[in-house]
Amino acid sequence: MKEANYDPKKIEKKWQKYWESKKLFQAVNPDARSGRVKAQKPKYYTLVEFPYPSGDGLHVGHVRSYTALDVVARKRRMEGYNVLYPMGWDAFGLPTENYAVKTGIQPAIVTKKNSDNFRRQIKLLGTSFDWSREINTTDPNYYKWTQWIFLQFFKKGLAYKAKAKINWCPSCKIGLANEEVLASENKDAPGKCERCGTQVEEREKEQWMLGITKYADRLDKDLDIVDYPERVKTSQRNWIGRKEGWEIEFKINPTPEPLPEGEGEEMQEPSPLGRAGWGYETADPKIWRALQDRALEMRKNPTEAEDLMWQVARNNSLGCHFRRQQIIGKFIVDFICLEKKLVVEVDGDIHDYQKEADRERTDFLKVNGYKVVRFKNDEVVQNKGSVKNKIAEVLKALSFGEGLGGVLKIFTTRPETIYGATFIARAGKQDKFTGEYAINPATQEKIPIWEAEYIMEGVGSGAIMGVPAHDERDFEFAKKHNIPLQETVIPIRIDKNHPPKEGYKKVTRQAIHAIVKNPKTGKILTLEWTKFPWRTLVIGGVEEGEDVVTAATREIREETGYKNLKFIETLGGQVKAEFFAAHKNENRVSYTTALVFELIDEEREEVSQEEKGKYKITWGTIDDVNPCAEIDVWKERLKNGVGVYTGDGELINSGQFTGRDSFEAKEAIVKLLEAKQKTTYKLRDWVFSRQRYWGEPIPLVFCPSCAKASEGEGWQAVPEKDLPVILPKVKDFKPTENGDSPLAKAEKWLKVKCPKCKAWARRETDVMPNWAGSSWYYIAYLLSENLKSQAPISKQFSNNKVQKNLKYWLGVDWYNGGMEHTTLHLLYSRFWHKFLYDQKLVPGKEPYRKRTSHGFILAPDGQKMSKSRGNVINPDDLVNRFGADALRLYEMFIGPFEQMVSWNEDGLVGTRRFLEKVWRIGLKVAQGETLKMPQGLTLASILNECVKKVGEDIEAMKFNTCVSELMITLKAFEAPTQGRDPDQSVGTIPLKTFETFLKILSPFAPHLAEELWQKLGHKTSITLEPWPKVQVVKKASSEVKIMIQINGKVRDEIVLPPSLTQAEVSNLVIKQPLTAKWLKEKEIKKTIFIPNRLINFVIDN
RNA sequence: GCCGGAGUGGCGGAAUGGCAGACGCGCACGACUCAAAAUCGUGUCUCGUAAGGGGUGUGGGUUCGACUCCCACCUCCGGCACCA
């Protein structure tokens, strides 16, 4: 009989039809009453990201992901699970819309064409998708649900309209998605439009927002309960950017408050708050008392205008607290808002007599940072309303006060550094001193308030306390603007070589380390001690009343005699060093400063006899110095420059906290400051509007009459019975001149009656972003019957059958997708799920139990595949030439699954050859033909090993080694001369053995496995077979190979009965000729023995 | 800058701290063939005739023994980027 060649074209079509007709891969929904399926099969939900059906067709990267989870799904079915492995189309999106703009073809038509093509291509691969549940996000039956879910967000106040920045292309007159903006080479310049290359502008436009930030905390915390790769969790956590910190209030440039009676005297003393620095002089108590009397009198007898003005300003009616007839310095002002530092004056006749005094007063107020607004009497009397508006406008423009009560809130994660805060910075377009000051609540010092470019509006509270000594960016800013620096945290180092010893006294002192450079040689001065094996810098203590430079200069002279020195710099701040000082027999705690000097010349004076004997003066580099506690810090600073110490350490210059550990003192400091603990997030609310066509219409109506009737009631939800809001057909897909969605031109569609008051209203023309439909699609697969139903969605959700179904299937057991979706899609759908969970619509806090990611496949040239580059690999062509099984196998074999790889077709030959071999052997087995092969027992154990390895490696997604293992096992089937068995026999391959092999091959190469399975005489599908069990090896094999190492190097090996003791093995081994040769005349110093595996002799060389 | 990930033959890549380079591609030689293809077999890190030596980005360390663990550095890739 002539052997048929392996012809994938023939068999693959055949089995694909067979599977489909037998509905082998259709998942079974549970019974509505019991919530279970027949035979009580456990469920398993495998999911791959559904594709965007682009015109380019299927990508080999899709194949990689689909095949991988197909292997998992097929294995799970064989393990007895009721498996759901669905597929659908995420079909809304820009490329289709852009194509429509260009060609005028309706996106719906293009989508149909592309998804048909994708389906055809995927079906060629023999993936075990349940096609009966196919979904398409652009299907009105589908987006009806998407719109309904949006309305639930809207009703809960989580969808709101707000101004947001968009990328605007002034040439195309269109808002661009971030992905459509090409990054410009200069990172500060705006990006360019993907299509026309014009520089993109930032524009503000009202957009619908989804309140994802309300879920930020749970999105972060619940990452703990899901099985995602650590890097995915990390990048989600980074994206959410949860940060625990504290909000600290800084009082702003304190204004004098009216002093209570009798306390005026104390004002002459500088108060503990350091008032002298406040920038104004309080009036003499006597003057103050006089002024107060007058003020009270004026309050009692206001002019008409003053009275009216008070009505305007009192009771917080302008949004902040006004006082009248307030004493500021030696003046009385008419009205003042202290928080905003706004003075309102009403000029009557009296004022005309005292212009000089007014000018003086104006100057005084100006100097002290008050804004003064003046009104004429008449103005106030005649038009109270306009005066009120004017003040309101001025107030709005003033920086502080709004809701702040005269304080500025800053957010920090390092409150313990507050003693080093020497300025305040808040968000601004450019660096600018505001002219205002704040009081550091820890030191009570007056510090300037700046606007700074590097502070961002939306981060924290939009303001920081600047600690130049301990923050890089604050340091840069302070340096640039000459703001002083105050060091408050110093590193603590304990000498590893000479750690403090117990039982010795502890001496604390200030010390210096002098680094003296000789500019001629570039070397530095070192001391070699005569009594101790040390080489040190010039070191010494700082004496009472001495500054560090003097101390260092003195020490250099005393110890080395060099007297002409130039001081260069101190090498950063102090370091606290703890060590045992052997030369003094005491423990030292040393606050050390390093100072850098240069020799002016080499002139020296006589060194005292005592010092002379102590050291030898040598020259070297910093690396020659023996390690001391501080040395690493010096080296680091010499190398990278004196920067900023951002670590923890000991607090200095920190009032009552000086000397404490910075980390440990944090709590006490925030308590003292009454700082509020606050958590902030990087995550922003989700801009949910797109001024586009090809997306889900946002199902809202704007009703002008409702808006008029009640503020904030303009937007009305489309009633559930009117869903879906169908995307109307349009002819022109371009946005309008002012950047509105093309839907704004669909006039008939636009006009609609308000669902609430039935007046004429107008539909929202924005559509939803791409991410909407994919945020709940894993639920849609479970509702494929419901999607077709016209029953109200809320009813459907509460239906028992639906709830049982959702409860049975959710969450997704294994979800595979690309790394590029870890921060957007994955986060968004987790957010939607949590929201739906809160509405008690779906079970479980999380949508996906386990997430894995596949590596991207690049073109052979290492570039991204794209039509324009002409480097796209077409799977159709590969299936045609090599067969789907060979392609599947190769995609699994190409490299580590999670790693990015470049496509290389050469390897496909290998997997095809492998399949041909399987085919040939399979036919021979089927015909009972005799094959040369090793003894049955060996073969069985090799196969057993294969079952084990493949099973484990599938779970670990190590598909490449699965394939390798299958190849190795196949070799065993056909190896006539290989192997360690010298007396191998010729015989037949046991049928069962080969069948087992086919079973574990079947998830990878399902068509071939089915065909051979049939040829072996089976009438049912191999996919219905149980997954082979790993045989537990009961009897240990009769011999083991023991490796013989000499000094850790393999020199020999020996085959011995198992379970011998070290002594037994050792005795046998040293008689081996090769081993004996190595051990000849050597003394065995040590023997390492691992039973049944290894023996290692340590000898002298 | 920060956060991830990775550096191993001509190439894709294997390797619980214990034989580095499994498996595949390519290449060379051989068998079969009139011949070629296909197939099968043998070989294929490097220096050395050999014994043996060297070798997993670089430099240190831990260990009887390091691709594997620790420290420092270099390079490449991906993500984020004034994040307080």
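We name chains A, B, ... by the order of the sequence lines, and we start the count at 1 in each one.
With distances taken from any side-chain atom of A:R1093 to the nucleotides B:C77, B:A15, B:U16, the minimum falls on B:U16. Nearest to the side-chain atoms of A:E453 among the listed nucleotides B:C82, B:G12, B:G4 stands B:C82. Checked against B:G18, B:C80, B:A15, the side chain of A:K958 finds its nearest nucleotide in B:A15. Checking B:C83, B:U16, B:C80 against the side-chain heavy atoms of A:W239 singles out B:C80 as nearest. Ranking B:G53, B:G13, B:C83 by closeness to the A:R1051 side chain, first place goes to B:G53. Checking B:G5, B:C23, B:C82 against every side-chain atom of A:I968, the shortest atom distance belongs to B:C23. Closest contact between the side chain of A:K682 and the listed nucleotides B:G13, B:C80, B:G18 involves B:C80.
With salt bridges taken as basic N to acidic carboxylate O contacts below 4.0 Å, one links A:R242 and A:D217. Using a 4.0 Å cut-off between a side-chain N of Lys or Arg and a carboxylate O of Asp or Glu, A:K480 and A:E476 do not qualify as a salt bridge. By the 4.0 Å N-to-carboxylate-O rule, A:E965 lies too far from A:K958 to be salt-bridged with it.
At whole-Å resolution of the value, NZ in A:K971 and C1' in B:C23 are 8 Å apart. Distance, A:N238 CG to B:G79 C1': 9 Å, rounded to whole Å. Taking atom NZ of residue A:K635 and atom P of nucleotide B:C71, one finds them 18 Å apart after rounding to whole Å. Remark: P of B:G24 and CG of A:L915 are 13 Å apart, rounded to the nearest angstrom. Spacing between atom CD1 of A:I240 and atom P of B:C3 amounts to 19 Å, rounded to whole angstrom units.
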Pull out every protein N or O sitting under 3.5 Å from an N or O of nucleotides 62-68 of chain B, one pair per line with the distance.
from	atom 1	to	atom 2	distance (Å)
B:C64	OP1	A:K1086	NZ	3.1
B:C64	O2	A:N1096	ND2	2.1

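Nucleotides B:C47 and B:C34, compared at atom C1', are 45 Å apart to the nearest Å. When the C1' atom is used for both B:G18 and B:C3, the distance is 35 Å, rounded to whole Å. Going from the C1' atom of B:A20 to that of B:U46 covers 14 Å, rounded to whole Å. Taking atom C1' in both B:G9 and B:A22, the straight-line distance is 13 Å, to the nearest Å. B:U44 sits 13 Å from B:C25 when the C1' atoms are compared, rounded to a whole Å. Separating the C1' atom of B:G1 from that of B:G55 is a span of 36 Å, rounded to the nearest Å. B:C80 sits 33 Å from B:U16 when the P atoms are compared, rounded to a whole Å. Taking the C1' atoms as reference points, B:A14 lies 16 Å from B:A6, given to the whole Å.
Side-chain atoms of A:D885 come within 3.5 Å of backbone atoms of A:L1008 as a donor-acceptor pair (strictly under, hydrogens ignored). Side chain of A:R830 to backbone of A:L219: a donor-acceptor contact under 3.5 angstrom is found.
Within the 4.0 angstrom heavy-atom criterion, only backbone atoms of the sugar-phosphate kind lie near A:M967; the bases stay farther away. Within 4.0 Å of A:V1050, counting heavy atoms only, lie sugar-phosphate atoms of the nucleic acid but no base atom. Across all strands, A:N960 comes closer than 4.0 Å only to sugar-phosphate atoms, never to a base (heavy-atom distances). At a threshold of 4.0 angstrom between heavy atoms, the contacts of A:G855 with the nucleic acid are absent. If you check every strand for non-hydrogen atoms under 4.0 Å, A:K1077 touches sugar and phosphate atoms only. At a threshold of 4.0 angstrom between heavy atoms, the contacts of A:I410 with the nucleic acid are absent. Among the heavy atoms of the strands, none lies under 4.0 Å from A:M465. Using a 4.0 Å heavy-atom distance criterion, A:L966 is classed as making no nucleic acid contact.
Contact check, A:R913 against B:C25: a side-chain N or O comes under 4.0 Å of OP1 or OP2. In this model, the phosphate group of B:C77 is not approached by any side-chain N or O of A:Q899 to a distance below 4.0 Å at OP1 or OP2. Residue A:R473 places none of its side-chain N or O atoms closer than 4.0 Å to OP1 or OP2 of B:A81. OP1 or OP2 of B:C83 has not a single side-chain nitrogen or oxygen of A:R242 nearer than 4.0 Å. Between A:K917 and B:C23 there is no side-chain polar atom (N or O) within less than 4.0 angstrom of OP1 or OP2. The phosphate of B:C40 has OP1 or OP2 within less than 4.0 Å of a side-chain N or O from A:R920.
Base-pair partner of B:G21: not found among the strands shown (Watson-Crick or G-U wobble, both distances under 3.5 Å). Pair assignment for B:A14: none, as no Watson-Crick or G-U wobble contacts are both less than 3.5 Å. Using N1 to N3 plus N6-O4 or O6-N4 for Watson-Crick, or N1-O2 and O6-N3 for G-U wobble, each under 3.5 Å, B:U75 pairs with B:A6. Remark: B:U62 base-pairs with no nucleotide; criterion is Watson-Crick or G-U wobble with both hydrogen-bond distances under 3.5 Å. Nucleotide B:C27: paired with B:G43 (Watson-Crick or G-U wobble, both distances less than 3.5 Å).
Ring planes of A:H481 and A:W450: tilted class, angle from 30 to 60°. The aromatic rings of A:Y6 and A:W919 lie tilted to each other, with the angle between the two planes from 30° to 60°. Ring-plane geometry between A:F477 and A:Y454 is classed as tilted, the angle between the planes lying from 30 to 60 degrees on a 0 to 90 degree scale.
The number of heavy-atom neighbours closer than 6.0 Å to CD of A:E457, taken from other residues, nucleotides and ligands shown, is 12 or below. Applying the 6.0 Å contact sphere to NZ of A:K948 captures no more than 12 heavy atoms from other residues, nucleotides or ligands.
Its glycosidic angle being more than 90° from 0, B:G12 falls on the anti side.
For A:G895 and A:F411, each mapped to the nucleotide of RNA chain B holding its nearest heavy atom, the one lying further toward the 5' end belongs to A:G895. Where A:S235 and A:I464 meet RNA chain B, the nucleotide closest to each residue was compared, and A:S235 sits on the side nearer the 5' end.
Counting heavy atoms from C-beta outward, A:L1001 and A:F914 have side chains that approach closer than 4.5 Å.
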